[in-house]
Student: 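Starting off with a structure, shown below.
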Amino acid sequence: MIFYFVYKIVMSSYGSFINGFTLGFSLILAIGAQNAFVLKQGIKNNHIFLICIICALSDAFLIFVGVSGLGFIVKKMPMLLVVTKYFGVIFLTYYGLLNLYSALTKSHSLEMTNQVNSNIKSIIILTLGFTWLNPHVYLDTVLLLGSISVQYGNYKYYFVIGAMLASFVFFFSLGYGARLFAPIFQRQLSWKILELIIGITMLIIALKIYNIPFNNL
């Protein structure tokens with residue numbers, strides 16, 4: 001009987017962990033502005049660890065906030081998401097146009113070197129911008145994961161740990177895995193295509209965020 005209860009506890013916690021990991025991974029899997037940014041910097045070998053750790057820790061913090069029951073703050077303060085929405089639209093539009101301008105007017109190619117061009121301060125600001133100036137991140141992590149975790153009762157923190165781990169696995173896999181494509185981007189045409197795709201992606205996402213009705217935020 002004791003072994004049965006131990007078995008049930010282990011399986012319940014394991015199931016909660018796997019569900020948290022699977023859901024957390026699926027929410028960030030879709031190509032978005034943040035992921036496109038991480039991918040590009042990963043190809044450039046540009047402060048990859050710093051970028052990945054900022055993205056993963058930010059997700060972990062927001063997930064914790066949602067599960068801790070603080071998600072009601074976001075619900076009670078809709079203006080917070082509205083402000084984030086417009087700052088996010090401006091930020092993504094600027095970065096998207098910057099990529100399009102670079103693709104159309106400059107000729108870049110990736111040099112196979114470990115030297116990093118961007119300074120740490122600018123990278124931190126950009127990474128925080130892509131992470132925090134997106135209203136969807138609050139909907140996914142704080143509200144969605146926070147509300148779903150309640151269903152797991154005493155095992156909700158296993159669910160949380162799974163969701164947090166998914167963020168770390170995803171961002172570090174994306175950041176360091178992108179380096180495998182580095183040889184392709186030694187060609188100028190490949191780099192132009194990447195910047196065009198990223199620029200267009202940023203503008204599309206900015207437009208989608210802009211068109212989100214206030215009552216859906």
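The basis for the numbers below is simple: all heavy atoms, side chains too, and nothing from hydrogens, waters or symmetry mates. Quick caveat: nothing in here was measured; it's all calculated off a predicted structure.
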Student: Taking Arg179 for its side chain and Ile43 for its backbone only, find out whether a donor-acceptor pair lies under 3.5 Å.
Tutor: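 Judged by distance alone, yes, a pair lies under 3.5 Å.
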Student: Keeping Ser102 on the side-chain end and Leu98 on the backbone end, is there a donor-acceptor pair under 3.5 Å?
Tutor: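 Flag not set: sc Ser102 to bb Leu98 has no pair under 3.5 Å.
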Student: I'd like to know if Val38 and Leu180 are part of one continuous hydrophobic network [Ile/Leu/Val/Met/Phe/Trp/Tyr, side-chain heavy atoms within less than 4.5 Å].
Tutor: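 The answer is no; the residues belong to distinct hydrophobic clusters.
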Student: Does the plane of the ring in Phe21 sit parallel, tilted or perpendicular to the ring in Phe25? Use 30° and 60° as the thresholds.
Tutor: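 Parallel: the ring planes of Phe21 and Phe25 meet at under 30°.
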Student: With hydrophobic residues grouped by side-chain heavy-atom distances under 4.5 Å, do Leu97 and Leu133 end up in a single group?
Tutor: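 Shared cluster, no.
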Student: Taking all heavy atoms of Ala166 and all of Gly24, pick out the closest pair and write down the distance.
Tutor: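 Scanning both residues, the minimum pair turns out to be CB-C, 4.0 Å.
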Student: Could you tell me whether the side chain of Asn99 and the main chain of Leu196 form a donor-acceptor pair under 3.5 Å?
Tutor: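 Flag not set: sc Asn99 to bb Leu196 has no pair under 3.5 Å.
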Student: Looking at Tyr176, I want to see if its OH is surrounded by more than 12 non-hydrogen atoms of other residues, nucleotides or ligands under 6.0 Å.
Tutor: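 Result for OH/Tyr176: enclosed.
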Student: So how far is it from Ile48 CD1 to Leu50 CG, rounded to the nearest 0.5 Å?
Tutor: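 Answer for the CD1-CG pair, Ile48 versus Leu50, is 11.0 Å.
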Student: CZ/Phe159 to CD1/Ile18 distance, rounded to the nearest 0.5 angstrom?
Tutor: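 That separation rounds to 12.0 Å.
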Student: Show the nearest heavy-atom pair for residues Phe170 and Asn35, with the distance to one decimal.
Tutor: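 Heavy atoms only, the tightest pair is CE2-OD1, 3.4 Å.
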Student: How close do Ala206 and Leu92 get, counting heavy atoms only, and between which atoms?
Tutor: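 Minimum heavy-atom separation between Ala206 and Leu92: CB-CB, 3.9 Å.
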Student: For ring-ring contact (aromatic ring centres under 6.0 Å, His included), just list the numbers for Tyr95 and Phe130, CA-CA rounded to whole Å, side-chain angles, deciding distance to a tenth of an Å, and then say yes or no.
Tutor: CA-CA 10 Å; Tyr95 194 82; Phe130 281 112; 4.8 Å; yes
Student: Find out whether Thr141 and Phe61 are in side-chain contact, i.e. whether some heavy atom of one side chain is under 4.5 Å from a heavy atom of the other.
Tutor: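 They are not in contact (no side-chain heavy atoms under 4.5 Å apart), so the answer is no.
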Student: Heavy-atom distance under 4.5 Å between the side chains of Met202 and Tyr94, does that happen here?
Tutor: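 The answer is no; the side chains never approach within 4.5 Å.
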Student: Identify whether Leu62 and Val169 are in the same connected component of the hydrophobic contact network (ILVMFWY, side-chain heavy atoms under 4.5 Å).
Tutor: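 Yes, Leu62 connects to Val169 through the hydrophobic network.
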Student: Nearest heavy-atom pair of Cys55 and Thr131: which atoms, and what distance?
Tutor: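 For Cys55 and Thr131, the tightest heavy-atom pair comes out as SG-OG1, 3.9 Å.
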Student: Only counting residues at least two apart or in another chain, list the ones meeting ring pair (Phe, Tyr, Trp, His ring centres under 6.0 Å) with Phe168.
Tutor: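 By the ring pair (Phe, Tyr, Trp, His ring centres under 6.0 Å) rule, Phe168 matches no residue at all.
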Student: Do the side chains of Leu194 and Phe181 get nearer than 4.5 Å, heavy atoms only?
Tutor: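 A side-chain contact under 4.5 Å is absent here.
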Student: Which one of Ile198, Leu174, Ile197 satisfies the side chain to side chain contact (heavy atoms under 4.5 Å, CB included) criterion with Leu39?
Tutor: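 The single option meeting the side chain to side chain contact (heavy atoms under 4.5 Å, CB included) with Leu39 is Leu174.
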Student: Out of curiosity, does Leu104 fall in the hydrophobic cluster containing Ile200 (side-chain heavy atoms, cut-off under 4.5 Å, transitive links)?
Tutor: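 Yes: a chain of side-chain contacts under 4.5 Å links Ile200 to Leu104.
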Student: Between Phe49 and Phe172, does the ring centroid distance fall short of 6.0 Å?
Tutor: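 Judged by ring-centre distance (under 6.0 Å), Phe49 and Phe172 do meet the cut-off.
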Student: Same cluster or not: are Val137 and Ile124 linked, directly or through other Ile, Leu, Val, Met, Phe, Trp or Tyr residues, by side-chain heavy atoms under 4.5 angstrom apart?
Tutor: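 Yes; tracing contacts between hydrophobic side chains, which count when under 4.5 Å, links both residues.
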Student: Without hydrogens or angle criteria, can the side chains of Ser16 and Asn19 be said to hold a donor-acceptor pair below 3.5 Å?
Tutor: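 Per modelled atom types, Ser16 and Asn19 side chains form no pair under 3.5 Å.
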Student: Which atom names give the shortest non-hydrogen contact between Ala163 and Leu145, and what distance separates them?
Tutor: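 Smallest interatomic distance, heavy atoms only, reads CB-CD1, 4.2 Å.
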Student: Donor-acceptor check, side chain of Thr93 to backbone of Ile90, threshold 3.5 angstrom: yes or no?
Tutor: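 Checking the backbone N and O of Ile90 against the side chain of Thr93, no donor-acceptor pair under 3.5 Å is found.
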Student: Compare all side-chain heavy atoms of Leu207 with those of Leu203 and state whether any distance is below 4.5 angstrom.
Tutor: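 They are not in side-chain contact.
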Student: Is any side-chain heavy atom of Leu100 closer than 4.5 Å to one of Glu195?
Tutor: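 No; the side chains remain at least 4.5 Å from each other.
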Student: Quick one: closest heavy-atom pair of Asn46 and Gln41, and the distance?
Tutor: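 Here Asn46 and Gln41 meet closest at ND2-OE1, 2.7 Å.
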Student: My understanding is that only one of Ile51, Ile53, Leu57, Asp59 makes a side chain to side chain contact (heavy atoms under 4.5 Å, CB included) with Phe171; could you say which?
Tutor: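 Exactly one pass, corresponding to Asp59.
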Student: Quick one: does Phe17's side chain get under 4.5 Å of Thr22's, heavy atoms only?
Tutor: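 Of all side-chain heavy-atom pairs linking Thr22 with Phe17, none is under 4.5 Å.
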